[in-house]
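Accompanying notes for the structure given below.
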Amino acid sequence: MLEAFANGFSGLLAGFMHLQISNVVMIIVGCVLLYLGIKKDFEPLLLVPIGFGCILVNIPLANLMEPHGFLRTIYDAGIMTELFPLLIFVGIGAMTDFSPVLENPVTFLLGAAGQSGIFLTLALALALGFNELDAVAIGVIGACDGPTAIYVTAKYAPHLLGAVSVAAYSYMSLVPVIQPPIMRALTTEKERTVVMRATRKSVSKTTRLLFPLVITILGGLIAPMGLPLLGTIMLGNLMRESGAVERLTKASANEIANVVTLLLGISIGATMDGKIFLQTQTLIVLALGFIAICLDTACGVLLGKVLYVTSKGKINPLIGAAGISAFPMSARVVMKEGQKYNKKNYLLMHAMGANAAGQIGSVIAAAVMLSVLKGMGII
């Protein structure tokens with residue numbers, strides 16, 4: 001009897017007996033992510049479920065990521081099928097107003113420049129020995145667009161999903177910290193004080209309706225591998241602009257997006273098993289992702305400087321920093337930075353145009369890279 005009791009008691013402590021250093025480290029990482037989300041308000045909608053999923057998957061013997069396990073079921077249903085990021089994109093489209101970029105089409109150029117770091121980091125990752133698919137997944141971190149990064153990585157480099165996802169969302173939440181020093185370093189005080197006038201152009205409803213259709217068709221024909229990403233965001237935007245399916249638009253932007261965000265976050269956390277996550281490769285991915293975002297910001301600001309010259313001082317180069325896809329966070333950063341040097345400087349709507357263009361640009365950048373790899377026979 002005593003022996004049976006002892007065996008039973010040891011079974012209660014089995015989790016502690018199988019706990020490894022890697023599990024302890026990742027449980028601490030999960031707690032840090034929870035702290036950042038709850039206390040510091042850094043992307044809480046994703047960092048909270050990611051952090052909790054990270055803790056869950058690192059508790060030994062729970063088998064949550066084994067076949068038929070709780071987390072494995074969610075992961076297989078939404079990540080491996082690509083369903084979760086695509087549903088998120090429908091919600092993003094339903095929440096995004098592309099009027100600022102249509103009012104000032106030059107911001108399309110800033111949105112394109114804001115993706116340059118993706119390709120530069122792709123080349124750097126290849127030089128460091130990553131294969132083509134891994135390099136694409138790492139480069140996309142620079143878009144500061146979590147759903148795009150998750151879609152590409154889950155489909156073509158699933159072993160990097162945890163590192164890429166955490167990097168994408170962590171750096172996106174740190175945009176107010178990362179971008180301002182780069183913006184100040186690359187611009188003069190005179191450039192930062194430029195007041196941009198309102199465009200005063202009205203965009204017709206017909207134009208707003210045609211925009212998602214034209215972008216979907218042209219983008220799909222140019223880079224068909226990215227059509228799932230482009231098509232879903234434009235579907236959400238078409239529903240928004242049509243006004244004919246208000247219930248679907250609200251559901252996509254709220255209930256569906258909220259539920260999918262929860263399941264997406266906990267699934268990402270489930271990929272952060274200490275035995276897999278704590279590798280030198282993970283640190284390199286995080287470093288390259290940081291470089292990508294810095295390069296994207298720099299390229300956007302540098303093109304802004306070119307436009308400042310060509311417009312004879314009418315365009316504030318700071319809005320180029322909003323060319324990344326951290327919507328609308330980077331636009332707010334631009335607005336705040338501009339007002340530090342000129343209280344009358346209201347750059348928000350101009351930056352929103354670049355930001356909305358960056359949202360499209362990040363999707364098209366991923367689509368172009370995947371279509372090139374398809375043409376090369378790699379995928």
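Keep in mind that this is a model prediction, so the values were computed, not measured. Here, residue 1 is the first one in the sequence, and each next residue gets the next number. As a basis for the values below, the full set of heavy atoms in this structure was taken, side chains included, without hydrogen atoms, waters or symmetry mates.
- Summarising the geometry, atom OG1 belonging to Thr73 is positioned 8.0 Å from atom NE2 belonging to His68; distances are rounded to the nearest 0.5 Å.
- Checked against Leu110 for a side-chain contact (heavy atoms from CB on, under 4.5 Å), the options Ile324, Ile319, Val101 give a single hit: Ile319.
- Rounding to the nearest 0.5 Å gives a distance of 6.5 Å between NZ of Lys305 and OG1 of Thr187.
- Of all heavy-atom pairs between Gly269 and Val57, the closest is O-CG1, 3.6 Å.
- For the pair Thr193 (side chain) and Lys190 (backbone), a donor-acceptor distance under 3.5 Å is present.
- Put simply, Tyr35 and Ile268 are part of the same group of oily side chains (I, L, V, M, F, W, Y) that touch within less than 4.5 Å, one to the next.
- The minimum heavy-atom distance linking Val29 with Met272 is given by the pair CG1-CE, 4.1 Å.
- A donor-acceptor contact under 3.5 angstrom links the side chains of Asn355 and Ser330, judged on distance only.
- Minimum heavy-atom separation, Arg240 to Gly93: CD-O, 4.2 Å.
- Side-chain atoms of Leu120 and Ile291, non-hydrogen and from C-beta on, never get closer than 4.5 Å to each other.
- Side-chain atoms of Asn58 come within 3.5 Å of backbone atoms of Gly274 as a donor-acceptor pair (strictly under, hydrogens ignored).
- By the criterion of side-chain heavy atoms lying less than 4.5 angstrom apart, applied directly or through intervening Ile, Leu, Val, Met, Phe, Trp or Tyr residues, Val152 is grouped together with Ile92 in one hydrophobic cluster.
- Side-chain heavy atoms closer than 4.5 Å link hydrophobic residues (I, L, V, M, F, W, Y) into clusters, and following such links, possibly through other members, connects Met80 to Leu161.
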Inset, instruction - Could you give me the CA-CA distance, side-chain angles and deciding distance for Glu132 and Leu126, then say whether side-chain contact (heavy atoms from CB on, under 4.5 Å) is met? - result: CA-CA 7 Å; Glu132 290 86 350; Leu126 289 172; 4.3 Å; yes

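- If you chain together hydrophobic residues whose side chains sit under 4.5 Å apart, Met349 and Val195 never meet in one group.
- Between His350 and Asn316 the shortest side-chain heavy-atom distance does not fall below 4.5 Å.
- Side-chain contact between Asn23 and Pro60: present, with at least one pair of heavy atoms (C-beta onward) separated by less than 4.5 Å.
- Here the side chains of Ile256 and Val90 are not in contact, with every heavy-atom distance at 4.5 Å or above.
- Side-chain contact between Leu318 and Val301: absent, with no pair of heavy atoms (C-beta onward) separated by less than 4.5 Å.
- Leu227 and Phe84 fall into different hydrophobic clusters, where Ile, Leu, Val, Met, Phe, Trp and Tyr side chains are chained together by heavy-atom contacts under 4.5 Å.
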Inset, instruction - Apply side-chain contact (heavy atoms from CB on, under 4.5 Å) to Ile182 and Gln179, showing your working. - result: CA-CA 5 Å; Ile182 299 172; Gln179 286 199 311; 5.8 Å; no

Legend entry - Intermediate values then yes/no, side-chain contact (heavy atoms from CB on, under 4.5 Å), Ile38 and Val48: CA-CA 7 Å; Ile38 297 170; Val48 170; 3.8 Å; yes

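- Counting heavy-atom neighbours within 6.0 Å of Lys40 NZ, excluding the residue itself, gives a total of 12 or less.
- Once rounded to the nearest 0.5 Å, the distance linking OG1 of Thr282 with CG of Leu160 reads 7.5 Å.
- The backbone N or O of Thr96 lies less than 3.5 Å from a partner atom in the side chain of Asn237, making a donor-acceptor pair.
- Counting only distance, with no hydrogens or angles, the side chain of Thr232 and the backbone of Leu229 share a donor-acceptor pair below 3.5 Å.
- The local environment of CD in Glu246 is sparse, with at most 12 non-hydrogen atoms from other residues, nucleotides or ligands closer than 6.0 Å.
- For the pair Leu33 and Leu47, the tightest heavy-atom approach, listed with the atom from each and the gap, is O-CB, 3.8 Å.
- Expressed to the nearest 0.5 Å, how far OG1 of Thr207 lies from CD of Glu241 amounts to 10.5 Å.
- Between Arg192 and Glu337 no salt bridge is recorded (no basic side-chain N to carboxylate O distance below 4.0 Å).
- Looking only at distances, a side-chain donor or acceptor of Thr249 sits under 3.5 Å from a matching main-chain atom of Met239.
- In this structure, the separation between CE on Met65 and OG1 on Thr271 is 7.0 Å, given to the nearest 0.5 Å.
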Inset, instruction - Go through the steps to decide whether Met234 and Ile360 satisfy the test side-chain contact (heavy atoms from CB on, under 4.5 Å), and finish with yes or no. - result: CA-CA 9 Å; Met234 289 302 152; Ile360 300 171; 3.9 Å; yes

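- Contact of the Phe89 side chain with the Thr148 side chain is registered, since non-hydrogen atoms from C-beta on lie closer than 4.5 Å.
- Residues Gln279 and His159 have side chains not in contact (no heavy-atom distance under 4.5 Å, counting atoms from C-beta outward).
- The distance from atom OG1 of Thr310 to atom CD1 of Ile315, rounded to the nearest 0.5 Å, is 6.0 Å.
- Looking at every heavy atom in both residues, Ala137 comes nearest to Val164 through O-CG1, 3.9 Å.
- Heavy atoms only, all atoms of each residue included: Ala367 and Gly226 are closest at CB-CA, 3.4 Å.
- Taking the side chain as every heavy atom from C-beta outward, Ile364 and Gln115 never approach each other to under 4.5 Å.
- Between the side chain of Ser362 and the backbone N or O of Gln359, at least one donor-acceptor pair lies under 3.5 Å.
- Around CZ of Phe52, the count of heavy atoms belonging to other residues, nucleotides or ligands within 6.0 Å does not exceed 12.
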